[in-house]
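A short worksheet on the structure shown next.
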Amino acid sequence: MKKPILLFLMLLTLGINAQEVSLLQFDDESGSSISHSDNTVDSQVDFVKHLDGLSDRKLTQFVRKKGVSAKLIQKGDEYFDKMWYAEAARIYDIVLEKSEEKHTSELLAKAGDANYYSGNLEKSYKWYHELYENFGDQITEDRFYKYTNALKGTGKYRRAAELTKLFRQKRNEPLNELENLAAPTWKKTAMVEIKNLAINSKYSDFAPMFHKDSEVVFASAQDSSFLTTRRYRWNNQPYLDLYTANTKDDSGDLYGAHKFSRKINTKYHEASVAFSPDQKTIYFTRNNYGKKLKRGKNGINHLKIYQSKLVNGEWTDAVEVAFNSENYSTGHPSISQDGTKMYFVSDKPGGFGETDIYVVDILENGGFSEPKNLGRGINSSGKEMFPYITENTLYFSSNRAMGLGGLDVYRADYDNELFGIVYNLGEPINSSRDDFSYIVDASGEKGYFASNRKGGKGDDDIYSFTSIENRNTISGTIKDANTGELLEGAQVVLLNNDSFLLAEVITDTDGSYRFEGLESQSDYLLKVSKKGYFEKDSGVRTKNNIKVEADQSLQPLKEIIDEEKQLVNLEPDAIYFDFDRFDIKPKAAKELDKLVAILNEYQDMVIRIESHTDAIGSSVYNKYLSDKRAKSTRDYIISQGIDPSRIASAIGYGEERPLNDCVDGHKCPPDKHKLNRRSEFIIVSQ
């Protein structure tokens, strides 16, 4: 979310902004006025506009005059220190792109940060990338984190994962959490149609909330004043106010947006509302503000949750809730359906990450219990925010490592206050940018969320979504490859294209399996196994919301055992070594895995390994080479967990035991020589 939300939520770290959420500091002087009547503007804004008004050639000439770039950097630093990031970013960009000023680590870092905070991920990526390439050893962990978010936000997911791993390795940090960055998105993936709403402005619109039967209240920085607009200097946009709009039939669109209440809206920020079940109490987030802005011990103006009552059709003056603090932020309230609990976000000390989700009981006397952290199952080391509670599901946004980029929407089902696995809602709800403030109606099929994804009307836009019946299914039967018998009790595992486990089932008496609720036109991997059979992997691709049949046949283990000759017959062409080499190739490893499966099935079986070559080349060298191949084959089998005592010997015989007359001094065609290049696996005991 680029701007006002960041602005607003940055206070709480609850805000977001181009993937970043940190505490906002609001000054009494942080707003400037622009008069619509005389078009006069703040001199600082005018200065940046003047630069933008120059042609490219004149701008370059101006910036390259002696001493100008240094003065521009000084001005950019002044803006940066005041958190006027949009203006600071523009000045840094001009200096870096138009002047001959040296690209120092400090200048690149501030340019990356200013663009990041003001929502320009493309430019932030540009400067962070140059910073990383030239000053990688100096980059801070916080700035590296923003760099990887900028990579994700511009679609460079693989690069983000690679750099994160390298960064951790350099610092000797654990890589366990990087082993699988894919979030669980299966759980019967929802198919939805999303639509950008007509009420969105060129500014930030977000945090929708249902009100009464046919209204939605939301936060917006849209400019609706008549004479004077106060602007928040973080992004040079108007301050956030609460608006209400009417729902339009079943389309999900909204119309007739107007300010919610003069008693609720102030000259600073209001956003993120929740209503009691009877709609007579509103909870919302606002700057810590009385007659003037208040600051905590660290000089920061934090966010607080306020409440107001509806009396005779009018909202009363808002009062803050008891668990607020002057020294940390609280915000983003959500009320349970029975009205007995409030879920909210805070950066209070003692949490698991930068912002965590908490819950309090709403007591009968109107008071609140002590806040309780929802725990590590829900909260991560990053930012959790925008909780929305339904009868049995908690939705929230997070920038945890498993996401698609920025903030993603997650869900966790719960029962008796115990939360289950956290699932990423996946596309199209989530994108490479910030996706947040998700709400859904009682049917579970319609709702709203906000995003600053590409293609929107402004910074953060509100989108409606409507669920579509998901017919994407992979199903089939598992059979014996020889007899055609339907196999009961076979295990079928479903993995996504990143090899992340999605689900597993056991076949019924009719050998059938079924996976429902998948994504359209997506690649999946099926792993099928059953005792007495070789495991089988096969790729399957879903179509456009229709059922896909994928029958599978398993090969019995016994099939490759020659009882008469006491051999395990593997595909000779698969156990292949490059010329003059004895390392195990991937194709050979896959074939040798069949032998491993046999040894695992028949626990008393002992084998010996014999390796043979053709008669081409020196007989002495051929014997040496075949012996190395036999022993590398033995080592591979042992590496797969087979006890070394079950391999009686591993010997190479070179060209000593040909299967035909292709020996030294006898000419043979290549296909006959090939018959003598083989590995044999002889059963010693069983």
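Since the model is a prediction, treat every value here as computed from it, not as a measurement. In this chain, numbering begins with 1 at the start of the sequence shown.
Summarising the geometry, atom CG belonging to Asp459 is positioned 11.5 Å from atom OG belonging to Ser451; distances are rounded to the nearest 0.5 Å. How far CE of Met209 is from OG of Ser272: 8.0 Å, rounded to the nearest 0.5 Å. Here CZ of Arg541 is found 11.0 Å from CD of Glu519. Values are rounded to the nearest 0.5 Å. Rounding to the nearest 0.5 angstrom, the gap separating the CD atom in Glu384 from the CG atom in Leu407 is 9.5 Å. Between the CG atom in Leu59 and the CG atom in Leu54 there is a gap of 5.5 Å [rounded to 0.5 Å]. Distance check, rounded to the nearest 0.5 Å: CG of Asp253 to OH of Tyr255 gives 10.5 Å.
Residue Gln61 qualifies as enclosed at atom CD: its count of foreign heavy atoms under 6.0 Å is above 12. At most 12 heavy atoms of other shown residues, nucleotides or ligands fall within 6.0 angstrom of atom NZ in Lys71. In this structure, Gln74 places its CD atom where only 12 or fewer heavy-atom neighbours from other residues, nucleotides or ligands lie under 6.0 Å away.
Arg433 contributes no side-chain N or O that, together with a main-chain N or O of Gly405, makes up a donor-acceptor pair within less than 3.5 Å. Judged by distance alone, the side chain of Thr466 and the main-chain N or O of Glu193 form no donor-acceptor pair under 3.5 Å. Using a distance-only test at 3.5 Å, with no hydrogens or angles considered, no donor-acceptor pair links the side chain of Tyr448 to the main chain of Ala207. Looking at Asp434, its side chain never comes within 3.5 Å of a backbone N or O of Asn452 through a donor-acceptor pair. At distances below 3.5 Å, not a single donor-acceptor pair connects side-chain atoms of Arg453 with backbone N or O atoms of Ser432. Not a single donor-acceptor pair under 3.5 Å links the side chain of Asp441 to the backbone N or O of Gly447. With Ser346 contributing its side chain and Ser329 its backbone, the two residues share a donor-acceptor pair below 3.5 Å.
Annotation: His332 is in aromatic contact with Phe386 [ring centroid separation under 6.0 Å]. Checked against the 6.0 Å centroid criterion, the rings of Tyr147 and Tyr116 do not qualify as a close aromatic pair.
The closest side-chain donor-acceptor pair between Tyr328 and His302, if any, does not fall under 3.5 angstrom. Side chains of Asn115 and Ser124: no donor on one and acceptor on the other come within 3.5 Å. Side chains of Ser220 and Gln222: a donor-acceptor N/O pair is present below 3.5 angstrom, by distance only. Remark: the Glu427 side chain and the Ser431 side chain contain no N/O donor-acceptor pair separated by less than 3.5 Å. Judged purely by distance below 3.5 Å, without hydrogens or angles, the side chains of Asn424 and Asp408 pair a donor atom with an acceptor atom. The closest side-chain donor-acceptor pair between Asn497 and Asp523, if any, does not fall under 3.5 angstrom. Side-chain N/O atoms of Asp77 and Tyr92 include a donor and acceptor closer than 3.5 Å. Side-chain contact of Glu101 with Ser69: a donor-acceptor pair under 3.5 Å is present, judged by distance alone. Side chains of Lys156 and Thr154: a donor-acceptor N/O pair is present below 3.5 angstrom, by distance only. Side chains of Arg400 and Ser398: a donor-acceptor N/O pair is present below 3.5 angstrom, by distance only. Side-chain contact of Thr355 with Asp347: a donor-acceptor pair under 3.5 Å is absent, judged by distance alone. Donor-acceptor pairing under 3.5 Å is lacking for the side chains of Asp113 and Trp127.
A salt bridge links Glu97 to Lys126: one of the charged nitrogens lies within less than 4.0 Å of a carboxylate oxygen. With respect to the salt-bridge test (charged N to carboxylate O, under 4.0 angstrom), the residues Asp241 and Lys259 qualify.
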- Check step by step if ring pair (Phe, Tyr, Trp, His ring centres under 6.0 Å) holds for Phe260 and Tyr243. CA-CA 5 Å; Phe260 179 68; Tyr243 286 75; over 10 Å; no
- Query: Could you walk me through whether Glu122 and Lys454 pass the salt bridge (charged side-chain N to carboxylate O under 4.0 Å, His left out) check?
  - Reply: CA-CA 12 Å; Glu122 287 76 14; Lys454 292 183 178 180; 3.4 Å; yes
- salt bridge (charged side-chain N to carboxylate O under 4.0 Å, His left out) between Lys75 and Glu78: does it pass, once the steps are laid out? CA-CA 5 Å; Lys75 178 61 69 175; Glu78 290 177 9; 3.5 Å; yes
- side-chain hydrogen bond (donor to acceptor under 3.5 Å, both in side chains) evaluation trace for Asn545 with Ser520: CA-CA 6 Å; Asn545 208 25; Ser520 292; 4.7 Å; no
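Contact detail for Asp461 and Asn196: the closest heavy-atom pair is OD2-ND2, 2.8 Å. In plain terms, the two heavy atoms of Leu242 and Ala271 that are nearest each other are CD2-CA, 3.6 Å. Nearest heavy atoms, Ser397 versus Val409: OG-CG2, 3.9 Å.
Ring orientation note: the planes of Tyr132 and Phe144 are tilted relative to one another, at an angle of 30° to 60°. A parallel orientation is assigned to the rings of Phe449 and Tyr463, their planes being inclined by less than 30° (bins at 30° and 60°).
Relative to the ring axis of Tyr358, Lys348 places its NZ or CZ within 45° and under 6.0 Å from the centre.
Using a 4.5 Å heavy-atom cutoff, the side chains of Leu303 and Thr330 are not in contact.
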